[in-house]
2 protein chains.
Amino acid sequence: MTHERGAEAYLQIGDAAERTELTQRTLRYYEEKGLLKPPTRMDGGFRLYSAEDIERIGRIKQLKDLLGFSLADIKEMLEAEDVRSQIKAEWDKDADAAEKAERIRAARQMTLKQIALIDQKMRQMAEMRALLAERLAKHDALLLQWTGEPTSPVSEPVGAAS
Amino acid sequence: MTHERGAEAYLQIGDAAERTELTQRTLRYYEEKGLLKPPTRMDGGFRLYSAEDIERIGRIKQLKDLLGFSLADIKEMLEAEDVRSQIKAEWDKDADAAEKAERIRAARQMTLKQIALIDQKMRQMAEMRALLAERLAKHDALLLQWTGEPTSPVSEPVGAAS
DNA sequence: ACGAACGTTAACGCAAACGTCATGGTTTTC
DNA sequence: GAAAACCATGACGTTTGCGTTAACGTTCGT
């Protein structure tokens, strides 16, 4: 069952695990490692994950599976990113502008690095895709030669970054 | 020093490691795990890696770092791929056509799977890149607002697959 | 109000992918 | 021909990222 708390809907760990396609163990592990802030709890101690929490978990999966970062790296990144929400939260009190700017700059750098990495990987993938398409053509040629076979066409490759 | 053996140039393990940006340990490990065929040796037992060997190592790195496969998976893939070179080698003797066709079909399937995975990952990356670009814009907006700063433009995203 | 389903912490286990010696042979260089 | 640089094998160690089990508390459906 999905829970409610004020206006928001919360998931307990089983549903959250299902939603994110991770295990409960993994969620607890991420929390233990500091990648997830301790979620709110029910009176009995059951964890309740907010929509934000779920999003963050998705973000972790992306960084891990898609870009191949270690959990330690991801932790650093998320901490750097949190600067935005943190600053918004304490925006008026303690208006130490210089330090805030510095932290935003750091977050910006993180983002730039991630974008650069994505671009690099996408280029390499495009390259690799081209090679695989060639190889596929060779296989198809052989199959046609030996067994007069119908071979499905290769879908178009994707454009690469400059 | 680079070695020669007939017409080809061979690298011993130190140079090979440097070239591929792996460690000697890793190369021996890959060999031990059956991902690399035992390379030729010098009289004293030193390993000599051919250009083909180096290429194969690069292939392994790609599959690991770019697509995130485990070494076990990679081993299977490489074995399936080897079908082509194997068939070429023994092409006329033992002309068991049916079996050969089947093995080529298997290799073809491997290739198709890899292409599909690449396309999927590229789509996800494009999506993620877009989000990062948005985030970057927000950072830039904040920096401009607080410190009247010059911010470099974001290079264009790459095209996604259909 | 009671059993089924779900959750909690703590602790140990484990496979993958190497790192790091130790010990001893080989090749190159001067 | 001897030191310096390089390599081989073997064995044990390490880190990461969870899996699994145990022992026990909570929530829910009826």
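Chain letters run A, B, ... following the sequence lines, proteins first, then strands; residues in each count from 1. All values derive from a computational prediction rather than experimental measurement. All values below come from the heavy atoms of this structure, side chains included, with hydrogens, waters and symmetry mates left out.
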Are the side chain of B/D53 and the backbone of B/S50 linked by a donor-acceptor contact shorter than 3.5 Å?
yes

Of the residues in residues 26-34 of chain B, which ones touch DNA chain C at a heavy-atom distance under 4.0 Å?
B/T26, B/Y29, B/Y30

What is the distance, to the nearest angstrom, from the CG atom on B/D65 to the P atom on C/dA16?
18 Å

For a quick check under 3.5 Å, do A/Q109 and A/R105 share a side-chain donor-acceptor pair by atom type?
no

May I have the distance from B/D15 (atom CG) to C/dT27 (atom P), rounded to whole angstrom?
15 Å

Separation of A/D43 atom CG from C/dT8 atom C1', in whole Å?
15 Å

5′-ward residue of the pair B/G14/A/A72 relative to DNA chain D
B/G14

Main-chain N/O of A/T20 paired to A/K61 side chain as donor or acceptor, under 3.5 Å
yes

Return the value, rounded to whole Å, for the distance between atom CG of A/L71 and atom P of D/dT16.
9 Å

Nearest to side-chain heavy atoms of B/Q12, which nucleotide of C/dA17, D/dC6, C/dC6
D/dC6

How close or far is atom P of C/dA17 from atom NZ of B/K75, stated in whole angstroms?
12 Å

A/Q24 CD to D/dG19 P, in whole Å, measures 11 Å

May I ask you to test the B/I60-B/L78 pair for a side-chain heavy-atom distance under 4.5 Å?
yes

Using every non-hydrogen atom in the two residues, find where B/L36 and B/L27 come nearest and quote the distance to one decimal.
CD2-O, 4.1 Å

Whole-Å gap separating C1' (D/dC6) and CG (B/L11)
14 Å

Separation of C/dC18 atom P from B/I13 atom CD1, nearest Å, is 14 Å

Closest heavy-atom contact between B/Y49 and B/Q12?
CD1-C, 4.4 Å

Comparing nearest nucleotides in DNA chain C, the 5'-proximal residue of the pair B/T23, A/R25 is A/R25

Shortest non-hydrogen contact from A/A80 to A/A107?
O-CB, 3.6 Å

